[in-house]
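Heads up, the thing below is written out as structure tokens.
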Amino acid sequence: MNIAIIGYGKMGKAIEEVAVEKGSTVKKIITEEENYNSLALTKQNLKNIDVCIDFTTPSVVFDNIEAVANAGKNIVVGTTGWFDKLEDVKKIVKKNNIGLLYSPNFSLGINIFYRIINTASSIFNNFDEYDMMVSEIHHKQKADSPSGTALVLGQIITQNVKRKKEMLQETAHSKMKSDQLHITSTRVGSCVGKHTVLFDSDFDCIELTHTAKNRRGFALGALLAAEWLNGKKGVFTMKDVMTSI
Ligand SMILES: NC(=O)c1ccc[n+]([C@@H]2O[C@H](COP(=O)([O-])OP(=O)(O)OC[C@H]3O[C@@H](n4cnc5c(N)ncnc54)[C@H](OP(=O)(O)O)[C@@H]3O)[C@@H](O)[C@H]2O)c1
């Protein structure tokens, strides 16, 4: 499979390293310098590419998706912080008849963690004694907060726990309402990513945490996703990849 990496930052570099080990060919690396207004993502420039993989920034990813779609190529989107534009992206994918796969978190461990939290929150739905929260820690360079992963965890909980109706993503400047689920973010140093879900009662607390050790897990997941997406049309997530394994 021939891939193009869009964005040569921490994740772009990790994907380049893992791709070589996994037998994918990195045909192009598209850096910020050459890609002002997504101008490098032309049909001509991407002609030998099977799948593009974007790990850039929230401010440019939408234009990149549009340009790759106009070039008729499939794209795996690792960049987070754009999910409010998902409906527009779906229209672009349909119009250009391409395949797009996105995930706030490509790591295998996190995708297993989602299943654990799904089960745990269904259990806690039956026990009103427990309150709950989601917290995440990432490195200081991360552009968006809360992380897309924390929001997915929040959605899983609000879907399963009837007494939690809305997420509070900001600092609580007044008393929390009982139907609010607090999602908190901390930025420090070079932390790759830590997500915790806490179930708290007056008498005990249960804390479930996923800690990423390095970026290789994300890179591997993104490459798995690219292989899975090759030749497909439509909008998919990592859930589709996981359920087919
Ligand atoms: N889904 C997941 O599993 C997962 C995992 C890790 C990270 N992420 C997300 O992926 C994104 C990138 O993370 P990262 O840690 O690799 O960040 P990073 O190290 O800051 O890398 C982003 C790179 O994108 C480049 N860039 C900016 N605009 C561009 C453009 N128009 N065309 C091409 N490249 C462009 C930046 O170049 P300059 O440095 O020159 O600006 C930088 O090299 C973030 O949104 C992060 O939250 C997702």
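We're numbering straight along the sequence, starting at 1. Counting starts at 1 for both ligands and their atoms, in listed order.
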**OP:** Examine ligand 1 and decide if any of its atoms is less than 4.0 Å from a heavy atom belonging to Gly81.
**Re:**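 The answer is no, since Gly81 has no heavy atom less than 4.0 Å from ligand 1.
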[X] N/O to ligand 1 N/O under 3.5 Å:
X	value
Asn35	yes
Phe106	yes
Thr80	yes
Arg215	no
Lys142	yes

**OP:** Taking all non-hydrogen atoms of both residues into account, name the closest pair between Ser38 and Asn64 and its distance.
**Re:**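 Closest approach of Ser38 to Asn64, heavy atoms only: OG-OD1, 2.8 Å.
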Original post:
Are Leu181 and Val197 in one and the same hydrophobic cluster, where Ile, Leu, Val, Met, Phe, Trp and Tyr link if side-chain heavy atoms are under 4.5 Å apart?
Top reply: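 Yes, Leu181 connects to Val197 through the hydrophobic network.
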Original post:
Between Arg216 and Glu21, is the closest basic N to carboxylate O distance under 4.0 Å?
Top reply: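 Arg216 and Glu21: salt-bridged.
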Original post:
Charged N to carboxylate O below 4.0 Å: is that the case for Lys164 and Asp131?
Top reply: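 Yes.
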Tell me which one of [options] gets a heavy atom nearest to [atom].
atom	options	answer
atom 9 (C) of ligand 1	Ala40, Gly7, Gly78, Gly12	Gly78
atom 1 (N) of ligand 1	Ser59, Ser103, Pro58, Gly9	Ser103
atom 28 (N) of ligand 1	Met238, Glu32, Met11	Glu32

Original post:
Under 3.5 Å, is there a donor-acceptor pair linking the side chains of Glu136 and His138?
Top reply: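 Per modelled atom types, Glu136 and His138 side chains form a pair under 3.5 Å.
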Original post:
For Asp204 and Ser201, does a side-chain donor sit closer than 3.5 Å to a side-chain acceptor?
Top reply: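 Yes, side-chain donor-acceptor contact under 3.5 Å.
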Subject >> Lys162 atom NZ, over 12 foreign heavy atoms within 6.0 Å >> reply: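 No, because the 6.0 Å sphere around NZ of Lys162 holds 12 heavy atoms or fewer from other groups.
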For [atom], closest protein heavy-atom neighbour:
atom	answer
atom 17 (O) of ligand 1	Lys10 NZ, 4.1 Å
atom 10 (O) of ligand 1	Phe55 CD2, 3.3 Å
atom 22 (C) of ligand 1	Thr56 O, 3.6 Å

Original post:
With no hydrogens and no angle check, is any side-chain donor or acceptor of Ser145 less than 3.5 Å from a backbone partner on Ser185?
Top reply: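 No; judged by distance alone, with no hydrogens or angles, the pair does not exist.
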**OP:** For ligand 1, note which part of Thr79 has a heavy atom under 4.0 Å away: side chain, backbone, both or neither.
**Re:**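 Both backbone and side chain.
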Subject >> Side chain, backbone, both or neither: Tyr36 near ligand 1, heavy atoms under 4.0 Å >> reply: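 Looking at Tyr36 and ligand 1, no heavy atom falls under 4.0 Å.
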Atoms of ligand 1 close to [X] [distance to a heavy atom under 4.0 angstrom, numbered from 1]:
X	value
Thr31	32 (N), 33 (C), 34 (N)
Ile30	33 (C), 34 (N)
Pro104	1 (N), 2 (C), 3 (O)

Subject >> side-chain contact (heavy atoms from CB on, under 4.5 Å) partner of Ile65, chosen from Val89, Asn96, Ile6, Asn70 >> reply: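 In the set Val89, Asn96, Ile6, Asn70, the residue that makes a side-chain contact (heavy atoms from CB on, under 4.5 Å) with Ile65 is Val89.
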Subject >> Partners meeting side-chain contact (heavy atoms from CB on, under 4.5 Å) with Ser135 (sequence neighbours left out) >> reply: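 side-chain contact (heavy atoms from CB on, under 4.5 Å) list for Ser135, sorted by chain: Met133, Thr184, Thr196.
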Original post:
How would you list, by chain and number, every residue that makes a side-chain hydrogen bond (donor to acceptor under 3.5 Å, both in side chains) with Gln159, sequence neighbours excluded?
Top reply: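 Expected list: none.
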Original post:
Distance below 4.0 Å between atom 40 (O) of ligand 1 and any protein heavy atom?
Top reply: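 Under 4.0 Å from atom 40 (O) of ligand 1, at least one protein heavy atom found.
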